[in-house]
Amino acid sequence: MSSKSAIQLLKFFVYNPTLSKKEGEEEKNLMYYYPQDVPLDNKIKDVGLCEALVKFSRTFAADAPCESLHTQKTRQLFLEAEENYWLILVISIPTAQKVKDSQVYIEYHEDDVHDTVYMAVLKQAYQMQAVMARSTRWWQRPAWIHLKIRPESILSQRYLQTCVDRCDVLDVFNGMQFLPLDKNGYLRTQCFLNQTEASFPQVKYTAFLYNESLVWSDCSRVDIRILYKYLTTSLSLLHGSELQAGTCSPRNQARTSPTILGKFITGPPNLADTTNLGKVPRIFVNVDGKKSEECHLVVYRALSASVCLMVEGSYQLNFDFYRLLDQFLGPQLTVLASDIGEQYGKRLSAPATLATSTSYFQHMNLAEKSSLHARQRPHRGPRATRGRQANCRCETDLAMSGDDCELVVKGPGDCWVVARKKSDQRELYYVNQKCSNLIEIAEEVKKLCASHFNNIFFLD
Amino acid sequence: MTFRMEDKGKIESIKFSPDLRVLAVQRSQTTVEFINFIEGMDVMEYSQACKGKSTRILGFNWTGLNEIVFVTDHGLELYQVLPEKRTLKPIKTHNTVVNWLSACLIATYKTYKYGQLYVVVLRHQPRVGGQPNAEVCLYQLHRESPARKTDVLRLEMSGRFAVNVVDSLLVVHHQTSQTSMVFDIRLAKDSDGYVNYHHPVCPPLSIKSFTFQLPIAPTHLPNETTETQCDLYSSNWVVFQPNIVIDAKWGCLWTVQLNLQPMINMFPDKLKLMDFLLQRSDSKMTVLTVCLLALSPGPQQCGLRTISQLYDKLNAIYKDHLDSKSQGAEAVAPSTSQVVVDQSDMYTYVLSRFVDSIDASGNYKFVVAVLIDYIRSLNQNRIHVQHYLYELLINTLVQNGCFYQLHQMMQYHVLSDSKHLACLLLSLESVYPPAHQLALDMLKRLSTANEEIIEVLLSTHQLFSALRFVKTVGQVDQISARKFLEVALSTENNQLFYTVFKFFEQRNLRLRGRPDFPKGEHCESYVKHFESLYGSEALGQPLQT
Amino acid sequence: MAASSSSSISSCSHSKQPPENDDISRLAPGISKDSVLLATNSFADICECFNEQCEQFHRVKHHSGSISELGHSLSREGSQPIDGEEATEDTDLEQDACFVIEENNTENHDDDFQSASEDPSDAMSRSIEKLRLVEEEQEDIINNEEWQSKRKHVFILSEAGKPIYSRYGSEDQLVTMMGVMQALVACVQDARDSIRCIVAGARRWDLVFAIIIADKQLVTMVRMRKYSLHPVDLHLILNLVSSSTTSFQTGETWSPICLPKFDSSGYLYAHISYLDDKCNTCMLLLTVNRDEFFTLSECKKKVLERLQRYRCLEAIDVAIAEGGCRVSQIGIADLRHFIYKSRSTSQFVCAKYEAPYTIDAQWERLFSVYQRVHHRIHTTSRPLKILFYVGVHETILGWVTSGFELYATFSPLVTKPVAIAAVEKLLRWIKREEDRLFILKSLTF
């Protein structure tokens, strides 16, 4: 079977039908439209179609707004992110060439595109932008698209396309990876951050990450989810490479203490040069309905540990603040980071072979463990994609039923997928290519739970 | 104790041994007589002369239970007293350079400080620049090695001094300024490698004035007394070791006590204060007050970092105490401090009071940080944290809605598992639904709480989870059918009731080959309900053999 | 259809090495070479052809219909062999857009968005104009509560937007709404694309698939040797008979009927009549020839007389009364219900609904669960072989092999080994009862 075409991002636009009611002024309702080079009346037509669809579907499902339009070649998703503000994402359906009685025709694989996954992408894109840009109504300001620190915006075509490419069940989770640290290591980290907040009153919230894994944060559940996504995607904390000891400026303390490897990721790149204060993104915290505070996001990193400080928006960042911060954080963070490094190195989660992969998500605190996704290592093998696709499929099925359930399926190529859900608290997805029958896969899952999940109440 | 002695001449000096069982009396320059006081006053006396014809005993001192040292103009002679044999055994003689004894006003005291024997020598030595300066030198006495000068206390004053040892502290009374200076040789000092130089622990203080009752001169009747104001540092004062002051004029004997409470705000450096207090004998309450003050808002409040170091100090001692107790060794090492602040003290006198004092508007972040730091310190010292500390932390977090942080701590097993804690989590379910799941996780980890798990699951109508759990722990045949059927019925979910009913019907078939319930299980009402729903033909059939 | 390697649910006996090629699945009860019904293409293909229909609007018909051939062959007697391939669809019929609206009223949907107020835009003005007109005229049908709350609406409108059929409400009241629908379709067609469904609330399940014989079930069938009846056509016939019982009971009816799988470009003529006065057993005689009514009614009398002589009608009544096979008779404790389809004969056995599905319309829910599992297994892109779903109300095991499809329902507390043992016991029982449950031999003339 010839290879499938990838899912393409075709259109993304934002409109508000209530802005102008007069004929011929529809253009005012349109906030943003990608791709830009589309003639205006096509843009207006697209908006018109969406409005009509929303109106039409309302006659039959008054309470449930129109969510998606499945056509043979495209999938269109509707999100009313805020009152009267509609975000529309249009993606292509993957196709494959097929020959049937000597006639080549195109087969559309509609089942590969799951509404739940791409709705999650749309929602995340909205939240990210709401947190990172000027105000929650980020589309109202003309300059909203150009963030200070990176030329292309969060909602750039490149970002959305990457989401569309590699998104899967993990994007539906939109969870966070936690560092498997022992009790003392965790307490040390938390006390270190508490002391930082105590000695720098301007710092409102803090978060501590080691590489891609979160250890502690005292932001709210919603904020940390968005911040984590932002840190691990746009701010690409994971490329620690350029921060190896060699490049960043090791400064020897007066006495024989270890060299201090601390460096500001956002903020002054080099503490010797007092003129350059570097760029610091401004973010919005507690965006979820309650009062939303504007904060500076200062990120300080030593070895692979990063401390994120959310400094009060009204505070005027100055060089002394950075210098004091560096003196306070530098030594302690370096020691803490190396200790964690030693301890964490020993407890790497079980390496997932290509034949099996596991994804686990805990809704309660958004914790996510996955050997599947490229988070640790890029994992582009075909089987991985099939595993991912399988997971999505199960996710959409399980999402349907709210309470405890389990789904075991054997798909083409003897690929078994086990999906288990505990009353929207915990979800486990296990893909295995090797088992031959139902009893064997059941044993595999039992072993997996005994080894990885024996400290929680998660029965099969 | 009162006793009478024959008058055999003028008594130079008279001292009881530390355990009050032998009395030493010096009536001449060359010999010292001893009387046993084992069962009352012994009649026989025995004596010991000093060595050498021309040596004169300047004084003597008990240096141990049955050990005495003669200070003579030729040196020191150490003897072992054997009361049963009524003889003394010479142990060691030590001839020191004679001149330092004659060159200065000799006020030699033997003090028993930190379980270490010192000779305290008060020396007036003109310092460069004409500064009047007196010093107190301490020589450490060892059995084998010669006495070595270890510490010098700088008085920065001149005039008449007297030295007392109170609670291992050197208290130097200065008559002219009517103040006393307190020195602690254990505290941080600057040293030139050989000798440590000390400064007073705090500015000179006067002894607290006080009044005392004196019988009216002529009647000497005990109940008729007059209030008399004591005149401090009077010339009639005679100072004895370790902390005795005798006023010859009034014929009263006082012991000098240390009043720790006011000293709290004399130490700017709280860590130094803590070190000082920890050496004192009954300073526990003061230590706790210092801790509480360190937390509560006010002049004494410390930064989080200092608090953290305070905790580590206290818990290090607490850990040693626990270790020594666990090894059964009852020996209370004299050198280590007696003050042990364990977590129940810290909880009752400091943490719970601090948390209660913080009202709603208070900075809960600081409260949480303090609690977590104490738990960190306990963990770091490998001390098992009691559940009441966890409860305090959890309630604080819950009151301030920091459920997410609570969850993160649960995830890292900061709060060690216990049934008590699991119950607390269950009570939080209405405020934070995931707490229910956290409680279940904890009960499962305990692996001794199967009944509790089943109760929790049944209370929330999670019948299938309960039955599946029962299967995994292999108690299918022990559980009461009635209890499960009752819950199933209360859910008013016919499907669920059917499944549970069939589950127990299968058990009956497996156990007795017949689907019906035995009389003892009182399930008749449930069978009737089942029949009313699905008809009697839906009931199970006996096994066809 | 390439027979994929038969998957194996090995017997739960604790043999270390599960048997390589499991004998149970080869057992495949209900296998027969020449079956009464010939399902040439599997369910998946049906989806494909639906795709093809949308893709090639004007594909030329490349295969002559069976009816026209039958017509010539009858006249020329020596008809040349026609392969079993069913007639391909023909697109000369006026292209009807058929809109099926599955209204979602049960799903809990966590949407907290408000509805957007209505506003014209020029590209869609024509249809939205109509919509606004509808608003003003306050046509009651669109906004009346009861009409809206129907679970499933079916509208058929011509390419020009003229209403042809509406399941509820009269067509003429729906002119404007039909116009809007047509506009929506046209609008999407501009991009050479076609609407498949509009999702608002629940996902939409498209194909429904159920056969019931005797009282709506096939008792027996006789067919011409070279032609076979496709299950989809059989469905049409059954729906025709069951939906209009009154009109057929009065006597013999003669009506044209189009069987699309047989030949979508022409009509067959059916002689429909009830054989017993209680109207339990209905017989249909299908012919290509328009004026065969009298010969067929003669034929019916002969058949009726034969049946009465062998007292077949009473047997049929008894079978109907008894109502299919019961799980409780089979004696498998954990099994609650099952549907077994033999793929070669494209016939299926569905156990009678027993406890716990006898109350609270539970069997309707179970039926929708079967639908969902069936759809899940037969997804075009990733067809599944085994599906084991542990839900809150029951556990469903779906197992598809080249020979059969089995859907079995157990208690939610069943374990996998117990379920597998039960399934194997069930397959052995079906094998024993094969002849009673399926029509294996097909009578031809």
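Here is the naming used below: chain letters follow the sequence lines, and residue numbers restart at 1 for every chain. Hydrogens, waters and symmetry mates are skipped; everything else that's a heavy atom, side chains included, is used.
For a residue to count as touching a neighbouring chain, one of its non-hydrogen atoms must lie under 4.5 Å from one of that chain's; by this rule B:Met410 does not touch chain A. Heavy atoms of B:Phe464 lying under 4.5 Å from chain A are absent altogether. Residue contact with chain A, scored on non-hydrogen atoms closer than 4.5 Å, involves the side chain of B:Ser308 exclusively. If you measure heavy-atom distances from B:Ile307 to chain A, you find no contacts under 4.5 Å at all. Contacts of A:Gln195 with chain B are made by both backbone and side-chain atoms, with heavy-atom separations under 4.5 Å. Contact annotation for A:Leu179: both backbone and side-chain heavy atoms come within less than 4.5 Å of a heavy atom of chain B. Interface residue B:Arg305: backbone and side-chain heavy atoms are both found under 4.5 Å from chain A. Residue contact with chain B, scored on non-hydrogen atoms closer than 4.5 Å, involves the backbone and the side chain of A:Asn365 alike.
Using a distance-only test at 3.5 Å, with no hydrogens or angles considered, no donor-acceptor pair links the side chain of B:Lys365 to the main chain of A:Glu197. Judged by distance alone, with hydrogens and angles left aside, the side-chain atoms of B:Tyr404 form no donor-acceptor pair with the main-chain N or O of A:Cys219 at under 3.5 Å.
In this structure, CE in B:Met409 is found 5.0 Å from OH in A:Tyr186, a value given to the nearest 0.5 Å. For the atom pair CG of A:Leu187 and CD of B:Gln380, the computed distance is 8.5 Å after rounding to the nearest 0.5 Å. A:Lys422 contributes atom NZ, which lies 4.5 Å from atom OG of B:Ser465 (distance to the nearest 0.5 angstrom). Between the CG atom of B:Leu443 and the CZ atom of A:Phe457 there is a distance of 9.5 Å, given to the nearest 0.5 Å. The structure places CG of A:Asn184 at 12.0 Å from CD1 of B:Ile375, a figure rounded to the nearest 0.5 Å.
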Inset, instruction - Apply salt bridge (charged side-chain N to carboxylate O under 4.0 Å, His left out) to B:Asp441 and A:Arg426, showing your working. - result: CA-CA 12 Å; B:Asp441 296 347; A:Arg426 289 179 166 130; 2.4 Å; yes
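The aromatic rings of A:Phe178 and B:Tyr412 sit perpendicular to each other, their planes meeting at more than 60°, with 30° as the lower class boundary.
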